[in-house]
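Proteins get letters first, then strands, A, B, ... in listed order; numbering begins at 1 in each.
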Amino acid sequence: MSNMNLSEQEQIRRTSVDELRKLGINPYPAAEYKTSVFARDILDNYSPEKNNFQEVCLAGRIMSRRIMGNASFAELMDSSGRIQIYLRRDDICPGEDKTMYNTVFKRLLDIGDIIGVKGHIFKTQMGETTVHVDEFTVLSKSIRPLPIVKEKDGILYDAVTDPEMRYRQRYVDLIVNPQVRDVFRKRTQIIQSMRELFNSKGYLEVETPILQPIPGGATARPFITHHNALDIPLYLRIANELYLKRLIVGGFEGVYEFAKDFRNEGMDRTHNPEFTVMEIYIAYKDYNWMMTFTEEIVKKAALDLHGKTEIIYGDKTINLKTPFKRISMLDSIKENTGIDISGMDEAELIKVCDNLKVEHDKTMGKGKLIDAIFSEKCEHSLIQPTFIIDYPTETSPLTKMHRSKSGLTERFELFINSKEIANAYSELNDPIDQIDRFQDQLKLSEKGDDEAMFIDMDFVRALEYGMPPTSGMGMGIDRLTMLLTNQSSIQDVLLFPQMKPVSSKFKVQSSKEEYMELGIPEEWIAPLQKLGFTTVSKLKEVEKAGKLANDLNGFNKKNKLGLSGLSPQAVEEWLK
RNA sequence: CGGCCCGUAGCUCAGCUGGCAGAGCACGUGACUCUUAAUCAUGGGGUCGAGGGUUCGAUUCCCUCCGGGCCGACCA
């Protein structure tokens, strides 16, 4: 009776599990299954002339079946790809007993099941490289039917594209959309590429706290949590910058971390509440050096992934060959608007914003106004990789003042396809200046800017001991991955993107006892609930006992429950 | 947060101005020893996202809610 909520196909598969057990076949065996080869190796290297791969063993998931009486073809998918397998009854069952083929393979196995096969490779008349199977082993029975995706000549039929299923049930997405697995392999390759480069230069990969008492290093709204034993609030980090700089104070030459950061802000195609940033800090360097290094990182990742610097993103071709264009923020604004805003005060900037129809409000200081103009008027034009350099002081509280331009800082951001990919500075190491800048942030916060930075006095103390001149850079790994794998949504480069939880259907359901108090036989309770009478009060609203009796008898027959029929009179008794 | 669109069988999707819920694949049964979106025959499968309203009658019309997508606002 518990099977009543399952679909027909699920019930059949559960029955198959039982039947396998009755035949002495464990549908979920414990033993190691030693394979000798992957599908890809065979497809790439088999040749009938060499007559190689004459004794192979591989394992994977059955993805399709074509049964033709005493012989069958199926497709087996392992981690490397799909290969066709061929099973003939009399090869599988050389003796009198044909159970393994007729019953186990043809009837009890399904698409989605995981099996191991032993056999040899041949080419079919159609020319397809195929495993001729002599022996197969059930490794895991699937009791939930998989979406069926068919393919011919590269065209997919009934492909699973529903984002709801793809992101919530990523495992299904990965099974039926092999190109998705490829995206995530590439994501890892990108990280490996960067790690290789950093390690080759002797920089140290480190781990810093995710739970922070002061969420510093960036301007963003944090997630807050609570530590019970200490009885203090803790924040999930919005950045790891201040910790990495403490390590430079401590004497490391270069440190880096691939860090998950968390920001309690909106979600859309380019924002997930948790995301990955690579931050690196290197002593005795400045932001000019870091620009060249950043170019090298991006170029190397593209080469390691694609073997060339030219990449396709949507309908755009982007070339990551070095050097990238470098232009100051003010020059970029001049280039795009024709207005030279250098040296303007707040009132003048507000006037420029009004003229350019750039939205602004009272909480915005000089820096934010310039930033608004830039975002509105310049970012869209930055398709090819471009360093925007020398940012206003107000929006860069951790950055060293520019060595020659007043009111500006030594900071750059790398834009590719209008998106910020990296952000870097000549790090501020003057502790007195740092405390002043924090104080300025406090004033912004009093002005109503809810993103102004928290003050971290321990970080200031670290600087007071002396930090070497240092350049630091942060790079958004998710966005870089989107760019290099041609994905338009951040959800497509995160294995498990954040989704709204599906509200568990809050079902009010009466207890068995409540039904039985009305004189309803126990065996009829489940059918009643299935018909929608989930509470006894719903039952009270029934006006025609005859109809209900009819429905119940019909349900009994339809589901082959084998219950003895109900008379309208008996049902009428319940309803009294 | 605002605008538009979507939610129907395990999957992909039809379903007109309201009238007995459909197709293909998948699944069951039967046939078939080199097929490949295998084929042929046949059969079963549904809380039409949830709740309410209008109606003799709602998958269809109206309202509310839930989930998703796209576009804006905000942010990396």
> May Phe275(A) be described as stacking on the base of A76(B), applying a 5.5 Å centroid limit and a 30° limit on plane angle?
Replying inline: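 It does: the ring sits over the base of A76(B).
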> Relative to each other, are the rings of Tyr86(A) and Phe73(A) parallel, tilted or perpendicular (30° and 60° limits)?
Replying inline: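 The rings of Tyr86(A) and Phe73(A) sit tilted, inter-plane angle from 30° to 60°.
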Under a 3.5 Å cut-off for both contacts, is [N] paired Watson-Crick or G-U wobble with anything, and if yes, with which nucleotide?
N      : value
A21(B) : none
C70(B) : G3(B)
C32(B) : none
U64(B) : A50(B)

Quick one: which of [options] gets closest to the side chain of [X]?
X         : options                : answer
Ser7(A)   : C27(B), G10(B), U36(B) : G10(B)
Pro163(A) : G69(B), A37(B), U29(B) : G69(B)
Met499(A) : U33(B), G68(B), C27(B) : G68(B)
Glu265(A) : U33(B), C75(B), C27(B) : C75(B)
Asp268(A) : G68(B), C74(B), A26(B) : C74(B)
Arg263(A) : G10(B), A76(B), U35(B) : A76(B)
Arg66(A)  : A38(B), G67(B), C70(B) : A38(B)

For [X] and [N], is the shortest distance between a side-chain N/O and OP1 or OP2 below 4.0 Å?
X         : N      : result
Thr219(A) : A76(B) : yes
Arg168(A) : G68(B) : yes
Lys150(A) : A37(B) : no
Arg269(A) : C71(B) : yes
Gln9(A)   : C11(B) : no

>> If you assign each of Thr124(A) and Val160(A) to its closest nucleotide in RNA chain B, which residue comes earlier from the 5' end?
In response: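 Closer to the 5' end of RNA chain B: Val160(A).
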>> With nearest nucleotide decided by heavy atoms, which residue, Gln125(A) or Ile12(A), maps closer to the 5′ end of RNA chain B?
In response: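 Nearest nucleotide further toward 5': that of Ile12(A).
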Rounded to whole angstrom, note down the [atom1] distance from [N] over to [M].
N      : M      : atom1 : result
G15(B) : U60(B) : P     : 14 Å
G46(B) : G22(B) : C1'   : 11 Å
G3(B)  : A9(B)  : C1'   : 33 Å
A76(B) : U64(B) : P     : 35 Å
C11(B) : A26(B) : P     : 15 Å
C20(B) : C48(B) : P     : 16 Å
G10(B) : C4(B)  : C1'   : 31 Å
G18(B) : C62(B) : P     : 11 Å

To the nearest Å, give me how far apart [atom1] ([X]) and [atom2] ([N]) are.
X         : N      : atom1 : atom2 : value
Met165(A) : A9(B)  : CE    : P     : 11 Å
Gln498(A) : G67(B) : CD    : P     : 13 Å
Ile62(A)  : U36(B) : CD1   : C1'   : 16 Å
Asp158(A) : C11(B) : CG    : P     : 12 Å
Tyr157(A) : C11(B) : OH    : C1'   : 16 Å
Leu6(A)   : C27(B) : CG    : C1'   : 15 Å
Met267(A) : G68(B) : CE    : C1'   : 11 Å
Glu164(A) : U12(B) : CD    : P     : 11 Å

> Is the ring centre of Tyr425(A) less than 6.0 Å from the ring centre of Tyr287(A)?
Replying inline: no
> With a cut-off of 6.0 Å (strictly less than), are more than 12 heavy atoms of other residues, nucleotides or ligands near CZ of Arg144(A)?
Replying inline: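 No - once you tally the heavy atoms of other residues, nucleotides and ligands closer than 6.0 Å, there are 12 at most.
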When all nucleic acid strands are considered with a 4.0 Å heavy-atom cut-off, which category describes [X]: base, sugar-phosphate, or nothing?
X         : answer
Gln84(A)  : base
Asn264(A) : nothing
Arg82(A)  : nothing
Asp261(A) : nothing
Glu151(A) : sugar-phosphate
Ile67(A)  : base
Glu128(A) : base
Gln491(A) : sugar-phosphate

>> So, applying side chain to side chain contact (heavy atoms under 4.5 Å, CB included) with Met194(A), which one of Ile280(A), Val298(A), Leu480(A) is it?
In response: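 By the side chain to side chain contact (heavy atoms under 4.5 Å, CB included) criterion, Met194(A) pairs with just one of Ile280(A), Val298(A), Leu480(A): Leu480(A).
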>> Before you tell me yes or no, could you show the steps for Ser16(A) and Glu19(A) under side chain to side chain donor-acceptor pair (under 3.5 Å), namely the whole-Å CA-CA distance, both residues' side-chain angles and the distance that decides it to 0.1 Å?
In response: CA-CA 5 Å; Ser16(A) 298; Glu19(A) 287 193 43; 5.7 Å; no
> Under 6.0 Å from the six-membered ring centre of Tyr243(A) and within 45° of its axis: does the NZ or CZ of Arg237(A) meet both?
Replying inline: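 No - Arg237(A) does not lie over the ring of Tyr243(A) by the 6.0 Å and 45° rule.
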> Any cation-pi pair here, Arg411(A) with Tyr391(A), using under 6.0 Å and within 45°?
Replying inline: yes
>> Under a 3.5 Å distance rule, please check whether Glu279(A) uses its side chain to pair with a backbone N or O of Tyr256(A) as donor and acceptor.
In response: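 Pair absent, no side-chain N/O of Glu279(A) close to backbone of Tyr256(A).
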> Just by distance, with hydrogens left out, do Tyr101(A) and Ser72(A) show a side-chain donor and acceptor under 3.5 Å apart?
Replying inline: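 Note: Tyr101(A) and Ser72(A) side chains meet the donor-acceptor criterion.
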